[in-house]
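The structure appears below as structure tokens.
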Number of protein chains: 2
Amino acid sequence: MDNKEISQAVIGRLPRYFRFLGELKDEGIERISSQELSDIMKVTASQIRQDFNNFGGFGQQGYGYKVEYLYEEIGKILGLDKTHNLIIIGAGNLGQALANYMNFERRGFLFKGIFDNNPDLYGKKIRNMEVRPMEEMDAFVKENGIDIAVLTIPKTSAVPVAERLVRNGIKGIWNFAHVDLNVPKEVQVENVHLSDSVMKLAYNINRFEKGDRS
Amino acid sequence: MDNKEISQAVIGRLPRYFRFLGELKDEGIERISSQELSDIMKVTASQIRQDFNNFGGFGQQGYGYKVEYLYEEIGKILGLDKTHNLIIIGAGNLGQALANYMNFERRGFLFKGIFDNNPDLYGKKIRNMEVRPMEEMDAFVKENGIDIAVLTIPKTSAVPVAERLVRNGIKGIWNFAHVDLNVPKEVQVENVHLSDSVMKLAYNINRFEKGDRS
DNA sequence: AAGGGAATGTCAATTGATTGACATTATTTT
DNA sequence: AAAATAATGTCAATCAATTGACATTCCCTT
């Protein structure tokens, strides 16, 4: 295994490759060239080859890539061959949506529990899982080997809750709260700032209306 | 108004500036230098000045930036001084979560309707708005001047629905479906691919466990 | 009113990402 | 079995983004 650092630009593209390859596989396509993939995905063939080569190259010269093999390998790179125990903090609309939405299970993300600090919700069943009070979170994380916490709580509580999670050995935080979390570098944070996203959309709509047709 | 193209890298940072400035404003801070902002936001002061200069520069030499003024100006750049009429397509968990979650209203994103093709949901009230059947969508978009459609439907239906939206003059699509939409360039698409996001998280957790401490 | 100090705006240098080109190597055909 | 073909892997060139440096300008104090 090479130890050279892979840029996040490349990593950010892997899930999209994975998605397209999965679809090709489902269609029964067995092999594909970087040029064909380029046409489908609307990125340059050069970038595709460059990206795959970061991991050693999965193709055969003169032939192309075997779709299924490539799909498997990218899955492994992304760590989808392993399972991850996951809890959701915040049983509001978004937390519930994510809990139910979980065809993430297929990818090895196992939903292990959901927590909230609203007593009205305690015991409520969400996807066959009772909402637990926040006080139980710390022990639960430690005892159940939880890797990932999904934060769907208001920004005011997000920071202290993140600190508690870190203290109990969480490995990754999927953060939906509108706030930056400052955690030690051994804890991975992936932010989903929905309002940032919709603002970008607003900008681009506006930009276009002002006559910047590009 | 300058007509030079602003890179999406810069645009992508604006919402974060906006968020931090809003908080500073709420704390009653009146002025800030790029260096101070750099310390808070953990980006270089040079990048901050460079970014703002894309829009002509909002500061005063020897003084810094007026927080409130800067906040307002970035809001205007993002188009938050205008209102956008928005509908949600797909009244499942995620659609409902987004509908309720809407403190987007504060930013000028006005929730005007929600649609689904499941008859069981027709008429169900979500945030004071009855779920409408998909058949009514096309006319509704046209008649109510809808700018933005939020797609929270399965990937199979996302593509044809996007086409219908485009035909009826939608300006932007906030796409939560796990599929790439091919729309004319005058229609802006902002993707929120949640599974891509969680896969990136999985990668980074794995990478770290394998000993890449960075 | 004048001078010193502070921080912007901007240019240049560097770093990083993407694209292009092609030699190499495997496959396929004859 | 050899030649032709096809497409990768990789190097070099280009393009874009980030950082660093500093002259300029404006604020603030005396």
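What you see below is based on every heavy atom in this structure, not just the backbone, and it leaves out hydrogens, waters and symmetry mates. Every chain is numbered from 1 and lettered A, B, ... according to where its sequence line falls, protein lines coming before strand lines.
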OP1, OP2 of C/dT28 versus side-chain N and O of A/Arg31: anything below 4.0 Å? yes

From CG of B/Asp51 over to C1' of C/dG9, roughly how many Å is that when rounded to an integer? 13 Å

I need the CG-C1' distance between A/Asn53 and C/dA17, as an integer number of Å. 15 Å

What's B/Phe52 touching, base or sugar-phosphate or nothing? Going by heavy atoms closer than 4.0 Å. nothing

When you check the gap from the basic side-chain N to the acidic O, do A/Glu5 and B/Arg207 get nearer than 4.0 Å? yes

OP1 or OP2 of D/dA16 versus the side-chain N and O atoms of B/Ser7: is any pair under 4.0 Å? no

Using whole Å, report how far CD of B/Gln35 lies from C1' of C/dG5. 16 Å

Looking only at the side chain of B/Arg49 (C-beta and beyond, no hydrogens), which of the listed nucleotides C/dT10, D/dG9, D/dT19 gets closest? C/dT10

Respond yes when some side-chain nitrogen or oxygen of B/Tyr65 is under 4.0 Å from OP1 or OP2 of C/dG9, and no when none is. yes

Would you sort out whether A/Phe109 and A/Leu80 count as a side-chain contact (heavy atoms from CB on, under 4.5 Å), showing the intermediate values? CA-CA 9 Å; A/Phe109 298 94; A/Leu80 304 180; 4.0 Å; yes

Are B/Gln96 and B/Asn100 close enough that a side-chain donor and a side-chain acceptor fall under 3.5 Å? no

Take the protein atom CD of A/Glu5 and the nucleotide atom P of C/dG16, then report the distance between them rounded to whole Å. 11 Å

Over all strands shown, is B/Ser46 touching base, sugar-phosphate only, or nothing at heavy-atom distances under 4.0 angstrom? base

Whole angstrom value for the distance that separates C1' of D/dT18 from CD of A/Gln8: 17 Å

Contact nearer the 5' end of DNA chain C, comparing B/Ser33 with A/Arg13: B/Ser33

Can you tell me the distance, in whole Å, between the CD1 atom of A/Ile48 and the P atom of D/dT10? 17 Å

Does a distance-only test, which skips hydrogens and angles, find a donor-acceptor pair under 3.5 Å between the side chain of A/Gln50 and the base of C/dT19? yes

Roughly, in whole Å, what's the span from CZ in A/Phe58 to P in D/dT10? 12 Å

I want to check one thing: is the phosphate of D/dC26, taken as OP1 and OP2, less than 4.0 Å away from some side-chain N or O of B/Gln60? no

Thinking salt bridges, do A/Asp138 and A/Arg167 make one under a 4.0 Å N-O criterion? no

Atom pair distance, as rounded to whole Å: NZ in A/Lys42 and C1' in C/dT19: 19 Å

Please pick, from C/dA7, C/dA26, D/dC28, the nucleotide with the shortest atom-to-atom distance to any side-chain atom of B/Gln61. C/dA7

Quick one: sort the A/Tyr71 and A/Phe18 rings into parallel, tilted or perpendicular, breaks at 30° and 60°. parallel

Is there a side-chain contact between A/Thr44 and the phosphate of C/dT19, meaning an N or O under 4.0 Å from OP1 or OP2? yes

